[in-house]
Amino acid sequence: MTLRLRFVDGTIIADGAVPDTLPLTPDDRDRTLRAPAHRYAELRSALDSAGVDYEDRVLDLPALDLTTDYDLRNYQREALDAWDANDRRGVLELPTGSGKTVIAVAAMAALGTPTLVVAPTVDLLTQWRRELETEFDVPVGQLGGGEQRLEDLTVSTYDSAYLRADDIGNRFGFVVFDEVHHLGGEGYRDVARLLAAPARLGLTATFERPDGAHEVIEELVGPVVYDLAVDDLAGDHLADYELRRIEVDLTDAERSAYEEAQGTFVDYLKTSNLSFSSGSDYQELVKRSGSDPRAREALLAKQEAREIMMNADAKVDALARLLDRHRDDRVIVFTAHTDLVYRLSERFLLPAITGETGASERRAILDRFRQGTYSRIVTANVLDEGVDVPDANVAVVLSGSGSEREFTQRLGRILRPKADGGRALLYEVVSAETAEERVAERRR
DNA sequence: TTGACTCAACATCCTTTGCTACAA
DNA sequence: TTGTAGGTTTCCATGTTGAGTCA
């Protein structure tokens with residue numbers, strides 16, 4: 001019996017005489033040899049180079065006529081070529097606003113095979129679908145956002161792709177992961193694992209993850225094959241920009257509350273033999289806090305210290321001065337906590353967007369910002385990613401995490417090239433002599 | 001179709017010090 | 001004496017999102 005490959009529930013099963021060099025593991029339940037579907041391309045090339053004759057029933061895909069008349073910029077062409085040269089696998093790390101979508105569309109046109117595009121939010125899903133419908137003359141399916149319709153070109157959320165991957169894993173020859181850093185999530189990585197698509201493209205502005213899970217992504221999608229930083233494109237395809245740090249002092253009351261809380265935390269560390277040389281020690285502390293009351297107290301104290309430094313009164317005053325200085329500019333204000341968003345919204349009469357803001361209200365606010373009815377908005381972490389935010393030229397970061405990704409995304413909100421060629425400004429307001437100075441240092 | 005709700009998943013959460021028991 | 005591991009089956013809090021359900 002000749003060797004036969006078939007797709008079952010997110011895995012490739014090999015029937016017949018199988019060379020032992022193949023990366024397959026025996027499945028005791030039904031005595032078959034299996035590999036996760038993402039290794040399909042690898043299996044094929046192993047069989048081909050061993051000269052083994054086999055029957056391939058994994059994918060049976062129609063050829064699609066996808067033509068496009070996009071004119072790629074130089075760096076977009078280079079990125080596409082680099083991906084092509086790496087057996088059509090890999091990640092492109094490019095800044096927000098550099099036209100990642102365009103590159104993916106060009107790749108789809110070049111391959112002409114059924115393609116799945118996976119994106120993290122419904123908002124991005126809608127943008128992708130619109131883009132593909134405009135560009136190609138074929139129906140575009142959608143999984144997620146209330147629809148479950150499969151077509152040769154389909155866009156999906158990570159959540160829906162996760163739910164459907166085992167039964168649609170053999171329907172596509174190409175998969176595009178937008179904001180591919182999400183694929184490192186414990187559950188989401190199964191999406192890439194259960195798909196057989198040999199061609200894989202990941203898009204992101206910040207590939208590396210603090211938890212190291214980008215290594216998993218490299219295995220499932222491929223390594224970074226092309227990358228550009230904001231500074232490579234600033235002044236050319238993106239606006240020039242400037243970062244300004246403003247330090248503010250805590251009030252006396254804030255200072256003493258901060259020192260006391262931070263002290264509780266540091267005292268615990270000194271007696272707890274936690275080394276804190278890496279982020280994993282924080283996880284350890286969290287674990288302990290489940291059973292050790294002192295660990296719990298330390299963690300809550302740390303939480304309190306963070307809230308004090310991130311929401312300091314002087315930041316509100318600093319914002320007042322900045323809003324005054326930039327009366328004629330388009331300003332987005334970012335914070336880490338929703339409470340502060342609403343406080344600022346009341347005091348300065350700013351339209352606010354947080355996780356609690358419903359979809360229709362959010363759309364209305366963004367529309368008015370786009371039209372110019374509003375020239376400033378305040379938000380927590382909502383507009384960090386995956387939302388089509390109208391352009392601004394001034395960003396004020398009142399508080400944020402130490403995440404490089406969050407910082408890059410916030411900066412990206414003001415980098416669209418300006419009509420008058422003007423430069424964008426990002427202010428970071430930081431509480432002096434607190435841990436926030438380190439946090440701000442870490443993110444950039 | 002919309003809105004309000006619940007639930008689960010994901011992300012961030014961080015510091016400048018050196019412990020203790022055990023096996024080789 | 002020296003070098004090394006220490007640990008299972010997670011999870012203090014806050015914020016955001018998608019899926020699913022129900023009215």
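Naming: A, B, ... by sequence-line order, numbering from 1 per chain. As the structure is a computational prediction, the values presented were derived from the model and not from experiment.
With a 3.5 Å ceiling on both atom-pair distances, B:dT1 lacks any Watson-Crick or G-U wobble partner.
Ion pair A:Arg129/A:Glu151 not flagged as a salt bridge, since none of the NZ, NE, NH1 or NH2 atoms sits closer than 4.0 Å to an Asp/Glu carboxylate oxygen. Look at A:Arg321 and A:Asp324 and you find no salt bridge, because none of the NZ, NE, NH1 or NH2 atoms lies under 4.0 Å from a carboxylate O. Note on A:Asp123 versus A:Arg363: no salt bridge recorded, every NZ/NE/NH1/NH2 to OD/OE distance being 4.0 Å or above. We find that A:Arg88 and A:Asp84 are joined by a salt bridge, their nearest charged nitrogen and carboxylate oxygen being less than 4.0 Å apart.
Across the protein-nucleic acid pair, A:Lys287 atom NZ and B:dC13 atom P stand 19 Å apart, rounded to whole Å. The interatomic distance linking A:Gln148 (CD) with C:dT21 (C1') rounds to 15 Å, in whole Å. In this entry the distance linking CD of A:Glu441 with C1' of B:dT15 reads 15 Å, nearest Å. Put simply, CG on A:Leu124 is 13 Å from C1' on C:dG18, counting in whole angstrom units. Distance CZ (A:Arg164) to P (C:dG18): 18 Å, rounded to an integer number of Å. For A:Gln283 and C:dG6, the CD to C1' distance is 17 Å, given to the nearest whole Å. Atom pair A:Glu186:CD and C:dT10:P shows a separation of 11 Å (rounding to whole Å applied). For the pair A:Gln262 CD and B:dT16 C1', the computed distance is 13 Å after rounding to whole Å.
Between A:Ile308 and A:Glu254 the shortest heavy-atom distance is CG2-O, 3.7 Å.
Applying the 6.0 Å contact sphere to CG of A:Asp87 captures no more than 12 heavy atoms from other residues, nucleotides or ligands. For CZ of A:Arg149, the number of neighbouring non-hydrogen atoms (other residues, nucleotides, ligands) closer than 6.0 Å is greater than 12. The local environment of CD in A:Gln148 is crowded, with over 12 non-hydrogen atoms from other residues, nucleotides or ligands closer than 6.0 Å.
In this structure, A:Lys302 and A:Tyr268 have side chains that are not in contact, with every pair of non-hydrogen atoms separated by 4.5 Å or more.
A:Ser289 has no side-chain polar atom (N or O) that falls below the 4.0 Å cut-off from OP1 or OP2 of C:dC11. Dashed line: the shortest gap from a side-chain N or O of A:Thr157 to OP1 or OP2 of C:dA19 is under 4.0 Å. In this model, the phosphate group of B:dT15 is approached by a side-chain N or O of A:Arg438 to a distance below 4.0 Å at OP1 or OP2. One finds a side-chain N or O of A:Ser403 lying less than 4.0 angstrom from the OP1 or OP2 phosphate oxygen of B:dT12.
The residue among A:Thr379 and A:Leu163 whose nearest nucleotide of DNA chain C lies closer to the 5′ end is A:Thr379. Position along DNA chain B of the nearest nucleotide to A:Lys270 versus A:Ala435 favours A:Ala435 as the more 5'-ward residue. Mapping A:Arg288 and A:Gly355 onto DNA chain C by nearest heavy atom places A:Arg288 closer to the 5' end of the strand. Sequence order on DNA chain B of the closest nucleotides to A:Gly185 and A:Val286 puts A:Gly185 first from the 5' end.
Between the P atoms of B:dC13 and C:dG15, the separation comes to 14 Å (whole Å). Taking the P atoms as reference points, B:dC14 lies 26 Å from C:dG7, given to the whole Å. Taking the C1' atoms as reference points, C:dG6 lies 15 Å from B:dG18, given to the whole Å. With P as the reference atom, B:dA8 and C:dC11 are 15 Å apart, rounded to whole Å. Comparing C:dT10 with B:dT16, their C1' atoms sit 27 Å apart, to the nearest whole Å.
Of the residues in residues 292-309 of chain A, those with a non-hydrogen atom less than 4.0 angstrom from any atom of DNA chain B are A:Lys302, A:Arg306. Of all the residues in residues 337-345 of chain A, A:His337, A:Thr338 reach under 4.0 Å from DNA chain C with at least one non-hydrogen atom.
Remark: the A:Asn381 side chain and the A:Arg410 side chain contain an N/O donor-acceptor pair separated by less than 3.5 Å.
Checking B:dA11, C:dA19, B:dC14 against the side-chain heavy atoms of A:Arg209 singles out B:dA11 as nearest. Listed nucleotides: B:dT12, C:dG15, C:dA19. Nearest to the side chain of A:Asn381: C:dG15.
Within the nucleic acid shown, A:Tyr158 has no heavy atom closer than 4.0 Å to any nucleic acid atom. Among the atoms of the strands shown, only primed sugar atoms or phosphate atoms (P, OP1, OP2) are found under 4.0 Å from some heavy atom of A:Gly144. Nucleic acid contact for A:Val122: sugar-phosphate only, since backbone atoms but no base atoms lie under 4.0 Å from a heavy atom of the residue.
Formation of a donor-acceptor pair under 3.5 Å by the A:Arg209 side chain with backbone atoms of A:His181 is found in this model.
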